[in-house]
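Take a look at the following structure, please.
Every heavy atom of this structure was used, including side-chain atoms; hydrogens, water molecules and symmetry mates were not.
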Amino acid sequence: MSANLPETPAPLQQALDACRRRDPEGFHRLRQAVAPAMLATALHFVQDVRQSEDVVHDTLLLAWLNAERFAADDLPPGSWLFTILGSRLHSQLEALAGRPPSAPRALPTGLQGQALWTLARDLEPRPPSASLGDRLTESLSARLAAPQLPRTPTGELVHPPLYDARLRRKMLTSRLAYQAKEGFKHRLGRPLEEWAFRRWLAQRSGSQWLEAQGLPRRSIEAALGDRLDLEVNPGRLVRSLSYPDAFPDRTERRKASNLFLWSGDWDLPRHDLADSSRTRFIQDLWTHRLEPSRSETFRRLEQQREQGRPLRSHHKGMLLDSRERILEYLRLYLLYMENMACFGFDKHEGKDRLGVTIDRHGRIIKTNKGLHRLAMAQVLGLAEITVRVRSVHRQWWQRHAGDAKGRDALERVAQALPECVPA
């Protein structure tokens, strides 16, 4: 008996279109249409029901979350869905074999979407268990409930299973403070920066003073846009910046975050990304992805909970005061990683671009924006990611701007940025 997959792509296309509109009925139609075939396919490789159901759960959830990426002109809907299944299976099989991720990450021929779609038609369908059905319903309900809950101070959606009503007041207070600060910047700060920056571009009165101050970062980002984006191999991005070490004076530290030109010896202290807490966390979690409860991170968070001081963050809208919430927190990060493993690095995901700075020698150093996503890309063995230049050393700027001023200087620097390489 072959898997009862749709004979034409129309039902899957319609289900994905509904998912793109965030219509839960599309998700239900999708799971009814392909879950039995996906489970049969996963069992063909993994041969363990619980693990196979984990694979299918994540595959369908990733399809829901990424439905807007589907383009019928590129792949038939069945092949697209089973490409996600192949990526998730690849991670599972690597973990079972104890192999590190391959670099660059590429699916074996037998796990590519069309091959799995063809295989599924020759397998006997395996109806999902009631527990898998419940998990899928709960996962979808959580995503649908997020917009109804308070947002984080910077406006991101919370993950409902991790949210606790005790966080509400602090989140709302911080959100109002953040909106007031951003409103002030928008109404007064940014217009003044833009006015001064336009005068610098045209080299009018006061332009030398503005350049000596460091030039407004946000104005340069608005002027150059994607020209500040660099494509780099994440495995080569090994140096990071410690703001307290680079700028011991707090006033200078706060000032630097608003400037594009940084003077002084901030680029001399050396910090290795491999030793960062984010890298250790992601490496630990990925190593124990089959059993997150065996990770060092779980042990530490569980110990904090037992001591009466569970991890609490109103900035992320989460309170990890139970074993279930800790595991859900770890599974959420694992889903982020599976998403990146399948669809690659998306520079638009996350509230901030992956920020970097350029030292005096034209070398790329990682700043504190997007460290978790960088660690994920490194652990997964991605070949390339996009980083955004937030600042440059004044000596490097002067070397490339030369005798040019204003608009011409900015153009010379923009042309030189692609020559920068990781430190």
Is a donor from one side chain sitting under 3.5 angstrom from an acceptor on the other, for R399 and Q395?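 Looking only at side-chain atoms, Q395 and R399 do not form any donor-acceptor pair under 3.5 Å.
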
So, the side chain of T279 versus the backbone of D275: is there a donor-acceptor pair under 3.5 Å, distance only? no

Charged tip of R394 within 45° of W397 ring normal and under 6.0 Å: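 Judged by the rule, R394 and W397 form no cation-pi pair.
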
Are the side chain of R88 and the backbone of V56 linked by a donor-acceptor contact shorter than 3.5 Å?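 Absent.
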
Once you round to the nearest 0.5 Å, how far does CG of D226 lie from CD of E221? 11.0 Å

SB check E296 R300 (cutoff 4.0 Å): no

Crowded around H315 NE2? As in, over 12 foreign heavy atoms under 6.0 Å?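 No, NE2 of H315 has 12 or fewer neighbouring heavy atoms, counting only those of other groups under 6.0 Å.
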
Does some side-chain heavy atom of H28 sit less than 4.5 Å from a side-chain heavy atom of L136?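 Result no, sub-4.5 Å side-chain heavy-atom pair not found.
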
Restricting to non-hydrogen atoms, name the atom on A423 and the atom on V238 that form the minimum distance, rounded to 0.1 Å.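 For A423 and V238, the tightest heavy-atom pair comes out as O-CG2, 3.5 Å.
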
Test D17 against every option in R21, Q13, Q14 by the side-chain hydrogen bond (donor to acceptor under 3.5 Å, both in side chains) rule and name the one that passes.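 Answer after filtering R21, Q13, Q14: Q13.
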
Take L157 and Y163 through the test side chain to side chain contact (heavy atoms under 4.5 Å, CB included) and record every step on the way to the result. CA-CA 10 Å; L157 294 175; Y163 171 76; over 6 Å; no

A side-chain contact here means heavy atoms from C-beta on lying under 4.5 Å apart; do L140 and L60 qualify? no

Looking at R69 and E349, is there a salt bridge between them, counting it only when a charged N and a carboxylate O are closer than 4.0 Å? yes

D58 side chain near L334 side chain, heavy-atom distance below 4.5 Å: no

With the threshold set at 4.0 Å, does a side-chain nitrogen-carboxylate oxygen contact exist between R305 and E302? yes

Evaluate whether atom CZ of R22 has more than 12 neighbouring non-hydrogen atoms of other residues, nucleotides or ligands under 6.0 angstrom away. yes

Show your reasoning for whether side chain to side chain contact (heavy atoms under 4.5 Å, CB included) applies to L65 and L335. CA-CA 11 Å; L65 294 171; L335 191 69; 4.0 Å; yes

Any L96 side-chain heavy atom under 4.5 Å of Q51 side chain: yes

Please determine, by modelled atom types, if S129 and S131 share a side-chain donor-acceptor pair under 3.5 angstrom.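 Yes, because at least one side-chain N or O of S129 sits under 3.5 Å from a partner of the opposite role on S131.
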
Which distance, rounded to the nearest 0.5 Å, do you find between the CG of D267 and the CH2 of W396? 13.0 Å

Applying the side-chain contact (heavy atoms from CB on, under 4.5 Å) test to L417, which of I364, D229, I358 qualifies?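 Among I364, D229, I358, the one meeting side-chain contact (heavy atoms from CB on, under 4.5 Å) with L417 is I358.
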
Under a 4.5 Å cut-off applied to non-hydrogen side-chain atoms, are M38 and L81 in contact? yes

Could you give me the CA-CA distance, side-chain angles and deciding distance for R151 and M171, then say whether side chain to side chain contact (heavy atoms under 4.5 Å, CB included) is met? CA-CA 7 Å; R151 290 183 177 244; M171 289 176 65; 5.9 Å; no

Donor-acceptor pair, distance only, cut-off 3.5 Å: does the side chain of R126 make one with the backbone of A40? no

Tell me if a side-chain donor or acceptor on D245 pairs with a main-chain N or O of P269 at a distance below 3.5 Å. no

At what distance, to the nearest 0.5 angstrom, does CE of M376 lie from CH2 of W286?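 If we round to the nearest 0.5 Å, M376:CE and W286:CH2 are 10.0 Å apart.
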
Is there side-chain contact between Q304 and L301, with heavy atoms separated by less than 4.5 Å?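 When only atoms from C-beta onward are counted, L301 and Q304 do touch, with a gap below 4.5 Å.
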
Are H372 and Y336 an aromatic pair by the rule of ring centers under 6.0 Å? no

Please report the closest heavy-atom contact between S91 and E338, naming both atoms and the distance. OG-OE1, 3.0 Å

Where the side chain of R143 meets the backbone of W64, is there a donor-acceptor pair that is under 3.5 Å apart?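 Side chain of R143 to backbone of W64: no pair is present.
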
Is there a donor-acceptor pair under 3.5 Å between the side chain of S174 and the backbone N or O of P153?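 The answer is no, because no donor-acceptor pair under 3.5 Å joins these two groups.
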
Distance (rounded to the nearest 0.5 Å) between R390 CZ and I220 CD1: 12.5 Å

Taking every non-hydrogen atom, the tightest pair across S240 and I365: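 Between these two residues, the closest heavy atoms are C-CG2, 3.6 Å.
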
Okay, side chain of R253, backbone of P248: is any donor-acceptor separation there less than 3.5 Å? yes

Using the side chain to side chain contact (heavy atoms under 4.5 Å, CB included) rule, take H314 and R168 through it: C-alpha gap first, then chi angles, then the decisive distance, then the call. CA-CA 8 Å; H314 72 275; R168 182 181 180 87; over 6 Å; no

For a quick check under 3.5 Å, do E328 and H159 share a side-chain donor-acceptor pair by atom type? yes

Side-chain donor-acceptor pair present, R236, N233, cut-off under 3.5 Å: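 No, no side-chain donor-acceptor pair sits under 3.5 Å.
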
Considering all heavy atoms, the nearest L320-R325 contact: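 Taking every non-hydrogen atom into account, CD2-O, 3.7 Å.
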
Roughly how far, to the nearest 0.5 Å, is CD1 of I84 from CG of L61? 10.5 Å

Heavy-atom side-chain contact between P150 and V158 under 4.5 Å: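 Not touching, per the 4.5 Å side-chain cut-off.
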
Between L5 and A120 the two heavy atoms that sit nearest each other are CD1-CB, 3.9 Å

Check the pair R363, D359 against salt bridge (Lys or Arg N to Asp or Glu O under 4.0 Å), reporting the backbone distance first and the verdict last. CA-CA 5 Å; R363 297 176 303 202; D359 73 5; 3.0 Å; yes

Looking at R227 and E411, does any basic side-chain N land under 4.0 Å from a carboxylate oxygen? yes

Between the main-chain N or O of G264 and the side-chain N or O of R360, is there a donor-acceptor pair closer than 3.5 Å? yes

Would you call the rings of F247 and W262 parallel, tilted or perpendicular, taking 30° and 60° as the class edges? perpendicular

To the nearest 0.5 angstrom, please state how far the NE2 atom of H288 sits from the CZ atom of R299.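 Separation between the atoms: 11.5 Å.
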
Strictly below 4.0 Å, N to O, side chains only: are R50 and D54 in salt-bridge contact? yes

Stepwise salt bridge (Lys or Arg N to Asp or Glu O under 4.0 Å) check, E138 with R135: CA-CA 5 Å; E138 291 170 4; R135 286 176 61 196; over 6 Å; no

K366 side chain to K369 main-chain N or O, any donor-acceptor pair under 3.5 Å?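 Such a contact is found between K366 side chain and K369 backbone.
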
Is the number of heavy atoms from other residues, nucleotides or ligands under 6.0 Å of K185 NZ greater than 12? yes

At their closest point, which heavy atom of L116 faces which heavy atom of L111, and how far apart are they? CD1-O, 3.5 Å

Mind running salt bridge (Lys or Arg N to Asp or Glu O under 4.0 Å) on R323 and E306 for me, showing each step along the way? CA-CA 10 Å; R323 176 185 174 88; E306 291 173 348; over 6 Å; no

Hey, does the side chain of N66 reach the backbone of L62 with a donor-acceptor pair shorter than 3.5 angstrom? yes

Using a 4.5 Å cut-off on heavy atoms from C-beta on, say whether the side chain of L39 contacts that of E53. yes

Please indicate whether R309 has more than 12 foreign heavy atoms, meaning atoms of other residues, nucleotides or ligands, lying under 6.0 Å from its CZ.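 For R309, atom CZ is crowded (more than 12 foreign heavy atoms under 6.0 Å).
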
